[in-house]
There are 2 protein chains.
Amino acid sequence: MARWEPGAGDRLREAALSLYLERGFEQTMVADIAGRAGVTARTFFRHFADKREVLFDGASELEKKSLAALDAVPAPTPALDAVAAVLDTVAQVAGGDRELARKRQAVIMANADLRERELIKLTSLSTALAERLRRRGVGDIEASLAAETGIVVFRVAFSRWVTAAEVRDLRDIIRETLSRLRNLAGR
Amino acid sequence: MARWEPGAGDRLREAALSLYLERGFEQTMVADIAGRAGVTARTFFRHFADKREVLFDGASELEKKSLAALDAVPAPTPALDAVAAVLDTVAQVAGGDRELARKRQAVIMANADLRERELIKLTSLSTALAERLRRRGVGDIEASLAAETGIVVFRVAFSRWVTAAEVRDLRDIIRETLSRLRNLAGR
DNA sequence: CACGATGATGTCACTCGATGACATCAGGGC
DNA sequence: GCCCTGATGTCATCGAGTGACATCATCGTG
């Protein structure tokens with residue numbers, strides 16, 4: 001076969017991120033993205049469900065790995081400890097390219113629709129985690145609480161990780177954040 | 001003045017909810033809502049920013065009352081206890097008409113865009129609470145964690161409250177949920 | 001090599017959400 | 001009666017998103 005060329009999906013992803021950075025999300029039209037990627041707008045929608053999704057389609061892989069990580073935790077582990085183990089894995093998946101993450105986050109934070117989409121991706125992860133926890137015998141409410149709490153820790157830690165001044169690993173920040181939450185909530 | 005008649009905003013709210021229930025959110029067109037309310041589509045958008053917002057415009061009042069409740073808590077209270085006090089107020093505002101809440105929630109849960117919007121409303125509340133907590137001297141991370149944790153408790157409790165089988169007060173459920181969270185997270 | 005299947009893309013037409021510009025109309029104060 | 005103001009209607013337009021259909025390249029098979 002010919003030498004490797006990025007597929008249309010990858011080109012669209014790149015084109016979208018750069019355009020969102022240059023002009024902002026709302027000022028970028030799907031036709032612009034498609035044009036930069038060398039395809040038509042119709043093709044954009046064959047690769048991504050909508051204009052926002054182009055920034056979020058890594059989420060399904062994150063979810064898959066997170067669930068695998070949870071399944072790898074031995075059964076008798078307390079719910080929140082199991083979630084902590086998941087967060088270590090999440091840190092590896094999401095905590096790689098910090099500069100890319102900063103760019104992406106800058107775009108997302110600048111637009112309400114994108115913030116909405118980001119939230120629902122994390123909620124979807126939380127729901128999936130809770131469901132697995134229940135299968136392990138964790139109570140209904142406890143499963144939801146543990147999963148959602150884990151997501152809260154991730155969100156707070158992540159938002160700190162992409163801060164300009166911050167230099168620590170995402171994993172370290174997550175651990176510290178979880179520990180602070182325990183102090184906060186413990187009686 | 002003439003006898004009381006509901007304004008266009010109220011008529012639109014009612015029309016929208018009933019239509020969303022009858023046909024579903026996506027199957028309902030803005031023109032339908034406007035028609036049932038006796039106005040034009042253009043007028044709909046003069047009352048609500050978009051098609052979703054018609055279900056959520058109570059959120060700003062909820063936020064206002066929540067912040068007032070937080071300000072009413074004496075300063076030396078631990079962050080999570082202060083949030084607990086806020087949740088009592090939230091329970092009063094959101095825990096009134098259970099049947100209405102069930103209808104509304106049924107519509108929201110049936111559509112991804114609406115779920116997104118609901119999430120961001122609660123996140124906005126969380127952000128506002130965290131900001132006030134910081135003003136009281138609560139540390140940066142702790143403020144975010146306490147506020148977001150409070151929202152998690154509310155979400156979990158609320159979703160239980162609108163369950164068909166559930167009969168307890170929203171406030172009671174919230175209290176129990178918070179207590180469970182403390183057990184879960186405490187070391 | 002020709003052929004037909006398959007998958008990715010382009011083209012066209014259309015619906016609907018959302019917004020700006022301008023006209024209209026009713027009520028209140030002068 | 002007149003004017004101001006706020007709420008609404010009308011019209012035009014943009015852009016997201018989708019369905020239907022045509023096209024084209026690739027590839028396995030006879």
Side-chain angles (χ1 to χ4, degrees), chain A residues 1-57 107-108 110-118 120-121, chain B residues 1-57 107-108 110-118 120-121:
Chain A
M1 72 181 110
R3 208 173 66 265
W4 169 251
E5 294 186 15
D10 296 311
R11 297 199 310 274
L12 284 165
R13 233 185 308 277
E14 269 185 58
L17 179 59
S18 57
L19 282 168
Y20 292 167
L21 279 168
E22 290 167 21
R23 316 179 188 169
F25 176 76
E26 288 166 356
Q27 285 64 48
T28 304
M29 276 149 293
V30 171
D32 301 334
I33 304 170
R36 187 170 288 197
V39 295
T40 62
R42 189 68 186 84
T43 293
F44 176 93
F45 290 108
R46 289 198 175 97
H47 287 264
F48 303 99
D50 60 53
K51 197 183 160 186
R52 289 170 279 174
E53 198 61 18
V54 65
L55 287 176
F56 295 101
D57 73 332
V107 171
I108 291 171
N111 179 271
D113 287 336
L114 291 173
R115 289 196 299 271
E116 292 187 1
R117 177 59 54 89
E118 167 148 83
I120 212 168
K121 291 293 182 186
Chain B
M1 68 179 112
R3 208 171 68 264
W4 169 250
E5 293 184 17
D10 296 310
R11 297 200 311 274
L12 284 165
R13 234 185 308 275
E14 269 185 57
L17 179 59
S18 57
L19 283 168
Y20 292 167
L21 279 168
E22 290 166 23
R23 316 179 187 167
F25 176 76
E26 287 167 353
Q27 285 63 47
T28 303
M29 279 150 293
V30 172
D32 301 334
I33 304 171
R36 186 170 288 197
V39 296
T40 62
R42 189 67 185 85
T43 293
F44 176 94
F45 288 109
R46 289 199 176 96
H47 286 265
F48 302 99
D50 60 57
K51 197 184 162 188
R52 289 170 281 173
E53 197 61 18
V54 65
L55 287 176
F56 295 101
D57 72 332
V107 171
I108 292 171
N111 178 270
D113 287 335
L114 291 173
R115 289 196 299 272
E116 293 186 1
R117 178 57 56 87
E118 168 149 82
I120 212 168
K121 292 291 182 186

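Lettering follows sequence order; numbering is per chain, from 1.
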Please state how far atom [atom1] in [X] lies from atom [atom2] in [N], giving the value in whole angstrom units.
X	N	atom1	atom2	answer
A:Asp10	C:dA8	CG	P	14 Å
A:Arg117	D:dA16	CZ	P	14 Å
A:Asp113	D:dA16	CG	P	12 Å

- Query: Do any of residues 11-21 of chain B sit with a heavy atom less than 4.0 Å from DNA chain C, and if so which?
  - Reply: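 Per residue number, the list is empty: none.
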Dump the pairs, protein N or O against N or O of nucleotides 4-6 of chain D, anything under 3.5 Å, distances to one decimal.
none

- Message: Among residues at least two apart in sequence or on other chains, which ones pass ring-ring contact (aromatic ring centres under 6.0 Å, His included) with B:Phe45?
- Response: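 In terms of ring-ring contact (aromatic ring centres under 6.0 Å, His included), with neighbours along the sequence ignored, B:Phe45 is linked to no residue.
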What's the spacing between [X] [atom1] and [Y] [atom2] if we round to 0.5 Å?
X	Y	atom1	atom2	value
B:Arg52	B:Arg115	CZ	CZ	12.5 Å
A:Arg117	B:Asp113	CZ	CG	7.0 Å
B:Phe56	B:Ile120	CZ	CD1	11.0 Å
B:Phe48	B:Leu12	CZ	CG	5.5 Å

- Non-neighbouring partners of A:Glu26 that pass salt bridge (Lys or Arg N to Asp or Glu O under 4.0 Å), sequence neighbours left out: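 For A:Glu26, no residue satisfies salt bridge (Lys or Arg N to Asp or Glu O under 4.0 Å) once neighbours in sequence are set aside.
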- Please list, chain by chain and in numerical order, all residues satisfying side chain to side chain donor-acceptor pair (under 3.5 Å) with A:Glu118, sequence neighbours excluded.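 If we apply the side chain to side chain donor-acceptor pair (under 3.5 Å) test to A:Glu118, skipping adjacent residues, the hits are A:Gln105.
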- Message: My understanding is that only residues two or more places apart in sequence, or in another chain, count here; which of them pass side chain to side chain donor-acceptor pair (under 3.5 Å) with A:Arg13?
- Response: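 Listed in chain order: A:Asp10, A:Asp57.
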Output a table of donor-acceptor pairs, distance under 3.5 Å, between side-chain atoms of residues 17-25 of chain A and any protein atom two or more places apart or on a different chain; print 'none' if there are none.
from: A:Ser18; atom 1: OG; to: A:Glu14; atom 2: O; distance (Å): 3.1
from: A:Ser18; atom 1: OG; to: A:Ala15; atom 2: O; distance (Å): 2.9
from: A:Ser18; atom 1: OG; to: A:Arg36; atom 2: NH1; distance (Å): 3.2
from: A:Tyr20; atom 1: OH; to: A:Lys51; atom 2: O; distance (Å): 2.7
from: A:Glu22; atom 1: OE1; to: A:Arg36; atom 2: NH2; distance (Å): 3.2
from: A:Glu22; atom 1: OE2; to: A:Arg36; atom 2: NH1; distance (Å): 3.0
from: A:Arg23; atom 1: NH1; to: A:Asp32; atom 2: OD2; distance (Å): 2.8

- Query: If you take all heavy atoms of A:Val39 and A:Ala8, which pair is closest and at what distance?
  - Reply: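 Shortest heavy-atom contact: CG1-CB, 4.4 Å.
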- Query: Is any side-chain N or O of B:Thr43 closer than 4.0 Å to OP1 or OP2 of D:dT8?
  - Reply: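 It does not, given that no N or O in the side chain of B:Thr43 lies less than 4.0 Å from OP1 or OP2 of D:dT8.
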- Query: Do any side-chain nitrogens or oxygens of B:His47 fall under 4.0 Å of OP1 or OP2 in D:dT8?
  - Reply: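 Yes, because at least one side-chain N or O of B:His47 sits under 4.0 Å from OP1 or OP2 of D:dT8.
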- Query: Tell me, for nucleotides 16-23 of chain C in 5' to 3' order, what letter each nucleotide earns: B for a base near a protein heavy atom under 4.0 Å, S for only sugar-phosphate near one, - for neither?
  - Reply: SSBBBB--
- Item | Beyond-backbone contact of B:His47 with B:Glu53, side-chain heavy atoms, under 4.5 angstrom |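 No, their side chains stay 4.5 Å or more apart.
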